[in-house]
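Here's the structure, in structure tokens; my notes come after.
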Amino acid sequence: MASVGTVKFLLCFVLWLWNCNFLPPCQGKQEVYPFIKKASSFSSPSISTTSLNKAYDYIIVGGGTAGCPLAATLSQNFSVLLLERGGVPFTNPNVTFLENFHITLADTSSTSASQYFLSTDGVFNARGRVLGGGSAINAGFYTRASSRFINKVGWDTKLVNESYPWVEKQIVHRPKFSPFQRALRDSLIDTGVSPYNGFTYDHIYGTKVGGTIFDRFGRRHTTAELLASGNPDKLTVLVHATVQKIVFDTTGKRPKAIGVIFNDENGKQHEAMLGNDMQSEVILSSGAIGSPQMLLLSGIGPKDELQNLNISVVLNNPFVGKGMIDNPMNNIFVPSNRPVHQSLIQTVGITKKGVYIEASSGFSQSNSSIHCHHGIVSAEIGQLSTIPPKQRSIEAIQAYVKSKRDIPVEAFNGGFVLTKVGSAWSVGELKLNNTNVDDNPTITFNYFSHPYDLKRCVEGVRMAVKVVQSEHFTNYTLCKKESIEKILNISVKANVNFIPRHANDTTSLEQFCKDTVITIWHYHGGCHVGKVVDPDYKVLDVERLRVVDGSTFTESPGTNPQATVMMMGRYMGVKILRDRLGRLAGI
């Protein structure tokens, strides 16, 4: 009989073969996605020789959570060029497997699927840099928006209820429920987060188990897979295509988008053009960081900020990059005296106090994982948080990286109960640092600047501590019930950010919230409806340019936004086709 190790190796090998792309020996993915190509394959050799016979009906900038379903849908009737600055997720085991979830987030290299950034608030954050966008680097939780959110943004309920299932049938799964998540579920119910609503995608008050884009084998299914629903004869997807700016015709009364300039993986510049039809469009789907950044780089934004960087002003709009919001999150560490199975977000408590309670647990890493440079970021353990920010020298960081290799497995036992403020009221902004699209802009979220956010965080921390102290967790972890001060003390040490600690972190819940705030990557804003785009997401006072992604939101939908951003891509694709073709759209 084959050994367990042999069976595991064979399984990994089969999965690896199934995940191949671009490699001659592996044809599976090429057959499913023949339209995915490297940017250098683009047939227009230079800006000066680009001709209109290479024009497209739609050019979508950003192959992420919204961009992929949008491209797949529009390609049913029109030619679509989708430009993604990152690579493909299929051959990257750090992206593909749940057990390697932390590695991509910790990878600070320029080739990582995750682009690390640090907000001016001192909080580490990340943005997707891979086909599939945020769906390729997140914790996988899938849950719909509330009916209140759908009504607020003015979407057609019937089309919304058709668009969610289109996504769900292709890439969403029921989670393999873990003991840690079961303890969270039972603890939430005991602490009054009721009723228990079972497994559901819907946003309902109480405790529930939601969907996930990880299947029962722990394999991630990103929005890149939704491209398989596209029309291969009308869809072209270029990876490692970094758009530099949108090209405008400014000879008319209003600027008109006519194409984009992008660099391929070799640094060579190309120009992709729209056709002459006035209904053809450039659509930004680069996310809450990338879309406002691209508008600014292209000359749409606050006049003074653009002129300071010698960017030619196409349209003065003072609201581009404004209204940036990130939902603040705080962790309560749960130590365990027994081995803990790895789990990401599966259970959520949706409270009437405006906070959400979730959990993650355990740590693992596959033998096939790609080693990376973690720099000063650690998704496993917060050693660096014990070093004051001004003492985080190069030598201290190098010592940290070296010691991290020798961390005992026992350090990863346990998990975190997460408390997140929903519909945050604290508002920040995004500004360009320079004109290099590869560099992160300066981003400020102003966490807890609004007292209502701080009040809700305190409520959430109190609730999370009660959850950790419940008998369901103490029975599972084989740990005794600890005092709130000790629980907070452990949690302060386990959190990593660049915010200085205070002596009263464990006695003042307000100070604990401020000093240990981190992110769960639910940032949004920068291109708000009514200020940057209209209700159909067309950029105000500009022809043939839209924004379709979370940058248009004034709040994060549901407990976790990815389901609604995916749905939005499908929804807007169908709406655009129906508006343009009517019944002839056939969709």
Side-chain angles (χ1 to χ4, degrees), residues 139 141-152 175 180-211 325-334 343-361 415-426 447-448 450-473 484 487-488 491 509-510 512-514 516-522 524 555-564:
F141 194 58
Y142 182 97
T143 180
R144 297 180 179 186
S146 65
S147 56
R148 179 193 61 79
F149 179 89
I150 302 300
N151 292 330
K152 177 183 176 181
F180 195 92
Q181 298 289 330
R182 187 174 294 111
L184 174 66
R185 177 198 66 188
D186 296 342
S187 298
L188 283 169
I189 295 169
D190 277 3
T191 53
V193 187
S194 59
Y196 176 56
N197 296 305
F199 171 77
T200 179
Y201 296 142
D202 294 333
H203 186 90
I204 312 170
Y205 286 119
T207 297
K208 74 164 196 172
V209 176
I325 300 172
D326 189 19
N327 298 82
M329 186 179 78
N330 298 79
N331 285 339
I332 301 298
F333 182 60
V334 185
S343 70
L344 299 179
I345 313 301
Q346 297 179 351
T347 303
V348 61
I350 301 174
T351 75
K352 294 185 177 180
K353 294 183 177 181
V355 295
Y356 305 131
I357 308 294
E358 301 172 339
S360 64
S361 65
F416 289 92
V417 172
L418 322 173
T419 173
K420 168 193 155 185
V421 174
S423 302
W425 288 17
S426 302
Y447 298 104
F448 301 125
H450 196 289
Y452 185 49
D453 291 347
L454 188 59
K455 178 183 177 181
R456 286 182 290 165
C457 178
V458 169
E459 294 282 359
V461 171
R462 284 198 183 109
M463 192 174 300
V465 169
K466 288 181 180 179
V467 166
V468 173
Q469 290 176 326
S470 76
E471 63 178 8
H472 300 289
F473 263 116
I484 183 171
I487 291 172
L488 295 181
S491 301
L509 293 184
E510 287 83 359
F512 176 86
C513 284
K514 291 177 181 179
T516 66
V517 63
I518 57 174
T519 184
I520 196 167
W521 319 292
H522 296 170
H524 50 283
E555 65 175 285
S556 184
T559 64
N560 302 68
Q562 80 161 343
T564 302

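Small disclaimer: the values here were computed from a predicted structure and weren't measured. Side-chain atoms are counted along with the backbone in the values below, which use heavy atoms only and exclude waters and symmetry mates.
Partners of F473 according to the ring-ring contact (aromatic ring centres under 6.0 Å, His included) rule, which considers only residues two or more places apart in sequence or in another chain, are F180. Taking the ring-ring contact (aromatic ring centres under 6.0 Å, His included) definition, one finds that H522 meets it with nothing, sequence neighbours left out. Partners of Y196 according to the side-chain contact (heavy atoms from CB on, under 4.5 Å) rule, which considers only residues two or more places apart in sequence or in another chain, are R185, I189, T207, V209. Listed by chain and number, the residues in a ring-ring contact (aromatic ring centres under 6.0 Å, His included) with F141 amount to none (sequence neighbours excluded). The side-chain contact (heavy atoms from CB on, under 4.5 Å) test applied to A464 returns I332, V417, not counting sequence neighbours.
Side chains of N330 and T419: no donor on one and acceptor on the other come within 3.5 Å. Counting only N and O atoms by type, the side chains of D190 and S470 include no donor and acceptor under 3.5 Å apart.
Cation-pi check for K352 over Y205 is met; the charged atom lies under 6.0 angstrom from the ring centroid and within 45 degrees of its normal.
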Worked check of side chain to side chain contact (heavy atoms under 4.5 Å, CB included) between L488 and L509: CA-CA 9 Å; L488 295 181; L509 293 184; 3.6 Å; yes
Intermediate values then yes/no, side chain to side chain contact (heavy atoms under 4.5 Å, CB included), V334 and F416: CA-CA 5 Å; V334 185; F416 289 92; 6.0 Å; no
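You'll find the side chain of V421 reaches within 4.5 Å of the side chain of P328, heavy atoms only. C457 is not listed as a side-chain neighbour of F512, based on a closest heavy-atom distance of 4.5 Å or more. Looking only at side-chain heavy atoms (C-beta outward), L418 and I345 come within less than 4.5 Å of each other.
The line from OH of Y447 to CG of N327 is 9.0 Å long, rounded to the nearest 0.5 Å. Expressed to the nearest 0.5 Å, how far CD of E555 lies from OG of S423 amounts to 4.0 Å. Note that CZ of F149 and OG of S556 are 7.5 Å apart. Values are rounded to the nearest 0.5 Å. Put simply, NE2 on H472 and OG1 on T191 are 9.0 Å apart, with the number rounded to the nearest 0.5 Å. In this structure, CD1 on I357 lies 12.5 Å from OG1 on T347, to the nearest 0.5 angstrom. Rounding to the nearest 0.5 Å places CG of L188 at 10.0 Å from OG of S194.
When every heavy atom of A359 is checked against every heavy atom of L184, the shortest pair comes out as CB-CD2, 3.4 Å. Of all heavy-atom pairs between Q181 and S343, the closest is NE2-OG, 3.1 Å. Smallest separation of non-hydrogen atoms from K208 and D202: NZ-O, 2.7 Å. Closest heavy-atom contact between I484 and Q469: N-NE2, 3.7 Å. A563 and T143 make their closest contact through CB-O, 3.2 Å (heavy atoms, listed as atom of the first residue, atom of the second, distance). Nearest heavy-atom pair across T559 and K420 is O-NZ, 2.6 Å.
Under the side-chain hydrogen bond (donor to acceptor under 3.5 Å, both in side chains) criterion, the residue pairs touching residues 450-467 are K353-E459, S426-D453, D453-R456, with sequence neighbours excluded.
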